[in-house]
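The next block holds one structure in the form of C-alpha cells; read it before the comments.
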Amino acid sequence: MTSVATPTLVKGARAARSTIALKLLMAVSGLVFIGYLLLHMYGNLKVFAGHDAFNEYAHHLRTFGEPMLPYTGLLWIIRLVLIVALVAHVASFVALAARASKARTQKYAVKKNIASTLSSRTMRWGGVALFIFVVWHLIHFTIGKVNPAGGPTNDPYNLMVDSFSLWWMTVIYLLALVALGLHLHHGTWSALQTLGLTGNARARARAKRLGVVIAVLIAGGFALVPLSVLFGLVD
Amino acid sequence: MTDSHSEFSSDVDSHADAPTIDPDLIDDAVDYFIPGEPLVDTKAPSGPIADRWSTRKFEAKLVNPANRRKLSIIIVGTGLAGASAAATLGEAGYNVKSFCYQDSPRRAHSIAAQGGINAAKNYKEDGDSVHRLFYDTVKGGDYRSRESNVYRLAEVSTNIIDQCVAQGVPFAREYGGLLDNRSFGGVQVSRTFYARGQTGQQLLIGAYQALERQVAAGTVTTYARHEMLEVIVADDSSGQRRARGIIARDMVTGEVQTHLADVVVLASGGYGNVFYLSTNAMGCNVTAAWRAHRKGAYMANPCYTQIHPTCIPVSGSHQSKLTLMSESLRNDGRIWVPKRKEDCAKDPREIPEEDRDYYLERIYPSFGNLVPRDIASRAAKYQCDDGRGVGPEVDGVRRGVYLDFADAIARLGRDAVEAKYGNLFDMYARITGEDPYEVPMRIYPAVHYVMGGLWVDYDLQSTIPGLFVTGEANFSDHGANRLGASALMQGLADGYFVLPHTIRDYLADGPFEKIDESHPAVVEARTSVEERINHFLTVNGTRSVDSYHRELGNIMWEYCGMERTEDGLKKAIDLIRTLKDDFYRNVKVLGTADSLNQSLEKAGRVADFLELGELMCIDALNRRESCGGHFRAESQTEDGEALRHDDAFAYVAAWEWGGEGEKPILHKEDLVYTAIEMKQRSYK
Amino acid sequence: MKLTLKIWRQPNAASTGAMHTYELDGVSPDMSFLEMLDVLNEDLNAKGEEPIAFDSDCREGICGMCGLMINGQAHGPEVTTTCQLHMRSFEDGDEIVIEPWRADAFPVLKDLCVDRGAFDRIIQQGGYISVNTGSAPEAHSIQVPKDAADRAFDVATCIGCGACVAACPNGSASLFMGAKITHLGELPQGQAERDSRVVNMVGQHDHEGFGGCTNIGECTAACPKEIPLDVISQLNRDLRTALRHGH
Ligand SMILES: Cc1cc2nc3c(=O)[nH]c(=O)nc-3n(C[C@H](O)[C@H](O)[C@H](O)COP(=O)(O)OP(=O)(O)OC[C@H]3O[C@@H](n4cnc5c(N)ncnc54)[C@H](O)[C@@H]3O)c2cc1C
Ligand code: HEM
Ligand code: SF4
Ligand code: FES
C-alpha cells in the first residue's frame, strides 16, 4: 500500500563509483581550468606591451619546446588536457545535476535560501552559459577565426582589437566574464572543500577569500583587454 | 519448571514471628486490595554479596553457539536498556527482533539524559569502590531496593565505561587525554562520567550504532514505528506457560502483526507520563508493561516516583511537556517567593529584599538551597499552595518560585555566571522568552523518573516465565528513590552485561515447542487488540484523548504527586474510576485503523495510564510511610521530614492484576539487608 | 495572536497531497510551535476533522524526531529544532506555510511525517566502531587528546533530524554523514575501519537517492546543532584517502 521502495543495503560499494568521486573529478578539472585561465590571462595582458610583443607571444606559444616538440606541440598538449578536463567537468556536471534533480522531485511550495551565495546557486546555469561561450569563443578566435569587423584574421593582435572595438562584442565578453567570476567565486572554495582541504573554520574562511581573489583576478584581468580596446586605450 | 505462581511464591513463616506492627499503619488500603502470598526471589544466589553475580553467571546454563540462530528474542524498546541488549544478543548470534515506537531506534528517551553516568572506576583515587557505589545506591534508594541487584549493578558499572569508550562515545576528557569525572547528585566522590550536558544522547548513539551494526550483520531486525499492544502468553502441550511473542501495530499502515519468539524482553522505559506533564517524551507510555501486568506480570512499587525540583514551570493550559534544568543551578541561585500574596503578580525586581521569603534558607539553615530533591520540591509546592507562587496563573494558581542569580552575578560577575550556566540560561530564555540575567528564573518541580516498574527476579525475569524486563521498566535497583546518574548505568548494565547472561539460562531449554498464529493464546491476544482499536474508533464521543490524559494528570499530580494523604488518595481513586468510565464511553478518536493515526495511538496509551494511575494510588495508600520519593503527609517527623517505617514496610509491594474491575492482589517481597545496615536520613 | 496556517495534508504515502488553509485564533506567544499545532488539532478534532499528523517525541531538542519546513526554512526561523521554536518568533496575523521535509529518500508517510529510515541504513553501513560487548579494553588504555575528543563530541551532537537534507537544494545528506565520519575518525578507536566506513556509508547514501553536495551551505545554516561544513571536507578527504588506498 505504500509507495516506499523496499530498502536494501548496497554491497561492495566502491569509492570510485561515488558521488564524491564525481565531485573530485569536477574539482580537479575545474582547477585545471583555473590554471589555464591564469596562463591565458597573462597572454592577453601582453596586449598592453604592444602589437609586436603580443604577436610574438602568440608565436612563441606555438614554437615553445621546438625541436623537442613539433610546431604548436605545447598548444596541442594544453588543448588535449583542456578537452579531457572539459569532458570530465561536463560529464560529472550532467551526472550530478541529474542526481540532484531526482533527489527532490516534489518541490517545496515555499523555500528560502539562508546561507547560499548567488554564485553557489548559479553554478549550473552559469556553467552552461560558460560552455556556450567557450564554444563560441573557440569558433571566434581559434577554429573559425571570424573577424566580425571584417578585418584580417591572421594577425592575432589586430583580430582582437578589431573584435573588441565593436560594442556588442565587448558586451558579450563582459557578460561571460561576469558568469566566469561568479563561477570561480564559488568554484574555487568548492574545489578546495571537495578536495578535503578545508577541515576547519579558518581554512574555510581562507578558501572563501581565495575564491573572491581568483574571481576578481581572472574576471578582472580578462576584462581589462576589451575595456581598454573599447575606450581606445589600446588600438 | 513449574507454573509461574508457585515458582515465585512460597510460604515464608518469618512473617509469623515478625514484631507486632501498629495496625493503623497498615490498614489504609485494606478495602482496595486482596492480600496475596509473599513473594521470594528464587534466583538470587546466596553467599558473600561480592560473589553472588559470579556465582550466578557460572551457574547459568550455556547455549551452544550453533543453536543460537534458532533461538529468537523479541526486545521491545531501543533505549539504553533495549538497544544494548539487542546489540549484545545479536553479537552472540541469537535471532533478535527489536521494536520501538519512534521512527528510529536512536530516538528513545534515554537520549534526553543530561547529567552523566556513574561507575566505580575510582579514577580520582578519592575512596570510591564497588562497595561504596553499592552503599550509596542502597542508601539513596532509602533502603527499599534489593541489595544483591544493587551490588551487581555497582560491580558491572566499570565494564560499561570500557565498552562505551571502545565504541567511540565521546566522554569528557582532561588535558592529558584521560577521562574526566565529576561528582553528581550530592555524593562525595567523583564517579560520574559525562559528555557535556548530553551524556544520554552519546551513550544511546553508541548503543544504537552497535545495534545497527547487527542489523547489517543480519542478526537483528528492527521494527521502528511499531507499537507493542499485547504480549502473548501461551501454554505448551505440557501446560507450561511462557511469554512467546507480542502483538504489535505497524503505526504507518495500521497492520496488526503477530511476532512470535522464544523469549520476550521489555525495555520499554518509564511511565512518568501518567502525570501528563513530565520531563518524559511525548510517547513514553506504560502500555507494554501494563499489558504484561494484565497477563500476569506483577507490578512492583508503582507509586515510587521521582520529582525533580528545577524544571521550567507550566506556562499555560497548552503545555505539552516540561523541561528539566540541571540541578547545579541551585549551587548559586537563591530560591524565594514574595512574602505577601499581593506581590505575586509584580515584577520581581521591584519587590524589595525585606518582602522576599527565601524559604529554604529560612527552614533549612544548614543546607539552604541545596536540600535534597524531594524536600526542595515539596517546599515549593507548599509556597504555591499557600498562594505565594509566581509566574502566569494557570487554572487560577501560580505555580512557580524564583531562582534568583542577582546575588551570584553581583558576587561573581556576569561573565563567571555565564561561563558556568550559559547554556542553561540560553535554554531557559528560548523557552520562556525571559532573560535570566535580568529577571529571576522561575522554576517548579516536575515528574522525572519512576522507580516502580514490573517486578523481576535476580535474572530480570518477571513473574511470567520467558518475559524479562530491563531498564526503567523494571523496579529492581533504585528502591524508593534514584540517585543521579544511575539510571543510565542501570540501563546499560542490564542490557550489555546482565540480561545476556541470565537470558541464556532460560534459552538453554529452548527452542520451545513451536506455536503458530492459530494457537488460542495468539488468537485471543490478537482479537483483544483488534477489539480495543475498534472500540476507540467507534465510540465517537465528544472529548479528545488529550483532554482525558490532561485530567488524569491533574488528578495524579494533585493527589499522588509530591505529597500524598489518605483522603487525597481515596478521592483520587474515585475520580480516576469515574474518568475511566467516561473515557470508554465518550472519547472521540477520528481517522481510521489502517493508517497512521496518532489519536488512536494515544487512546491506547491513556487507557492503560488510567488503570495504572489507580494502582499507583492504591500502592501509595497502602504504604503509610514516607520513603525516598514517596511522601505520606501522615508519616513525617515534627520538622516535616520523611519518616520511614521499616517494621511495617521494608518490602517490595508486588501487585498482581486481579481481573477487570477486580481488586489487585498484593504480594510482599521482604527486603533483607546482610551487607548494609538501615538508617534514617536527616537534613536539618 | 491570530494566524493563517497553510499546511500540507496527505492521507498516506501512496496518495498525492495538497496544501490546506486553517485559521487559528488565541495563540499564545509562550506556546511552542508544536503546542500551537496541538491546539489546532484539538480544534480540528472537535470539528470532526482528522487531526494533522506530525512527528515529535522529546520536545526538548534532542531526539531529532520533530522537523517541519516552516515558511521555507527547515525548523523555522531560529537555529533550533521545531519543538524548541516558540510562537514569539511570529507575529499576530502572520501566514505560516508548513510542509514536510521533502526528499525522495524521505518519503512522506502522512501529512507532515516522513520516513527517515535511510539515515539508519547509512549508519548500518559502517557508522560504528566494531567492538563486541565484553571485548573492550580498560577505558584508560585509550588516550584521546583533548582537542580530538572535543571535536569528536562537537560533531557527535547530530540528532539525525534530517534538516540538512531538507534544506539542501541537492537533497544531499553529506552533513549528516560527515558528522558521523568526523566523530569516529577523530578517535583512535575509529581508525581501523576508517576507509571502509566512508566508502560504504557514501555508497548507501548514493543508493538511497540523496544528491551530491555542491558545498552550498544551506545544510549547516539549517542544522539545529550547528554542525559545521568542516565535516563535509573531512568526509571528502576520507573518501579521497580511501580511493588512494584502493577501496
Ligand atoms: C530529562 C531527563 C534527564 C535524565 N537525566 C539522567 C541522567 O543524567 N542520568 C541518569 O542516569 N538518568 C537520567 N535520566 C533517566 C534515564 O534517562 C532513563 O531512566 C533511562 O534512560 C531509561 O532507559 P530505558 O532504556 O529503560 O528506556 P527509554 O530510553 O525510555 O526507552 C524506551 C523504549 O521503549 C520503546 N517503547 C516503549 N513503549 C513501547 C511500546 N508499547 N511498543 C514499542 N516500543 C515501545 C520506545 O520506543 C523506546 O525505544 C533522565 C531522564 C530524563 C527524562
Ligand atoms: C572556464 C571554464 C570553467 C572553469 C574555470 C570552471 C571552474 C570550476 C571549478 C573550480 C569548480 C569547482 C569544483 C567543485 O565544486 O569541487 C567548478 C564547478 C562546477 N562547474 Fe565549472 N568551470 C568552468 C566551466 C564550466 C562549464 C563549461 C560548466 C558546465 C557546462 C561548468 C559547470 C560546473 C558546475 C555545475 C560545477 C559544480 C558546482 C559546485 O560544485 O558547486 N563549469 N567549475
Ligand atoms: S547534521 Fe544537523 S541538520 Fe543534519 S541531521 Fe544532523 S543535526 Fe539534523
Ligand atoms: S521532538 Fe525531540 S528534537 Fe524535537
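Side chains included, hydrogens not; waters and symmetry mates left out as well; all remaining heavy atoms used. Numbered from 1 within each chain, the chains take letters A, B, ... in sequence-line order. These numbers come from a predicted model, not from an experiment.
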Could you have a look at [options] and say which one has the most heavy-atom pairs with chain B under 4.5 angstrom?
options                                : value
C/Pro145, C/Gly127, C/Pro11            : C/Gly127
C/Glu78, C/Met65, C/Gln125             : C/Met65
C/Gly190, C/Gly126, C/Pro137, C/Ala152 : C/Pro137
C/Val144, C/Ile129, C/Ile159           : C/Val144
C/Ser28, C/Pro51, C/Gly160             : C/Gly160
C/Gly134, C/Ala149, C/Ser56, C/Ser130  : C/Ser130

Flag the one option from [options] with the top tally of heavy-atom pairs under 4.5 Å to chain C.
options                                : result
B/Gly591, B/Gly200, B/Ser320, B/Ser315 : B/Ser320
B/Lys121, B/His109, B/Lys588           : B/Lys588
B/Tyr175, B/Tyr496, B/Phe171           : B/Tyr175
B/Thr323, B/Leu179, B/Asn597           : B/Leu179
B/Ile205, B/Thr88, B/Ile431            : B/Ile431
B/Arg430, B/Arg543, B/Glu174           : B/Arg430

Closer than 3.5 angstrom, by distance alone: can the side chain of [X] be matched with the main-chain N or O of [Y] as a donor-acceptor pair?
X        : Y        : answer
C/Gln143 : B/Gly176 : yes
B/Asp162 : C/Ala139 : yes
C/Lys110 : B/Leu596 : yes
B/Gln202 : C/Ala156 : yes
B/Gln209 : C/Ile123 : no
C/Gln189 : B/Val165 : yes

Determine which residues belonging to residues 215-223 of chain B lie within contact range of chain C, meaning some heavy atom pair is under 4.5 Å apart, and list them by number or answer 'none'.
B/Val215, B/Ala216
Structural part of B/Ala224 lying under 4.5 Å from a heavy atom of chain C
neither
Ring pair (Phe, Tyr, Trp, His ring centres under 6.0 Å) involving C/His140 - partner list, sequence neighbours excluded:
B/Tyr123
Does [X] reach the side chain of [Y], with side-chain heavy atoms less than 4.5 Å apart?
X        : Y        : answer
C/Leu109 : B/Arg225 : yes
B/His318 : C/Asp38  : no
C/Glu49  : B/Leu590 : no
B/Gln598 : C/Cys113 : yes
B/Arg196 : C/Asp150 : yes

Does anything in residues 191-199 of chain C reach chain B? List residues with heavy atoms under 4.5 Å apart, or say none.
none
Could you name the residues of residues 180-187 of chain C that have a heavy atom within less than 4.5 Å of a heavy atom in chain B?
C/Lys180, C/His183, C/Leu184, C/Leu187
Testing the 3.5 Å rule here: is there a donor-acceptor pair between the side chains of [X] and [Y]?
X        : Y        : value
B/Gln201 : C/Thr157 : no
B/Asn280 : C/Arg59  : no
C/Asp120 : B/Ser104 : yes

Any salt bridge between B/Lys321 and C/Glu60, counting N to O under 4.0 Å?
yes
Lys/Arg-Asp/Glu bridge criterion (N-O < 4.0 Å) met for B/Arg107, C/Asp57
no
Go through C/Asn132 and B/Arg213 one step at a time and tell me if the side chain to side chain contact (heavy atoms under 4.5 Å, CB included) criterion holds.
CA-CA 10 Å; C/Asn132 283 2; B/Arg213 171 172 164 247; 3.0 Å; yes
Please check if the number of heavy atoms outside B/Lys124 that lie under 6.0 Å from its NZ is greater than 12.
yes
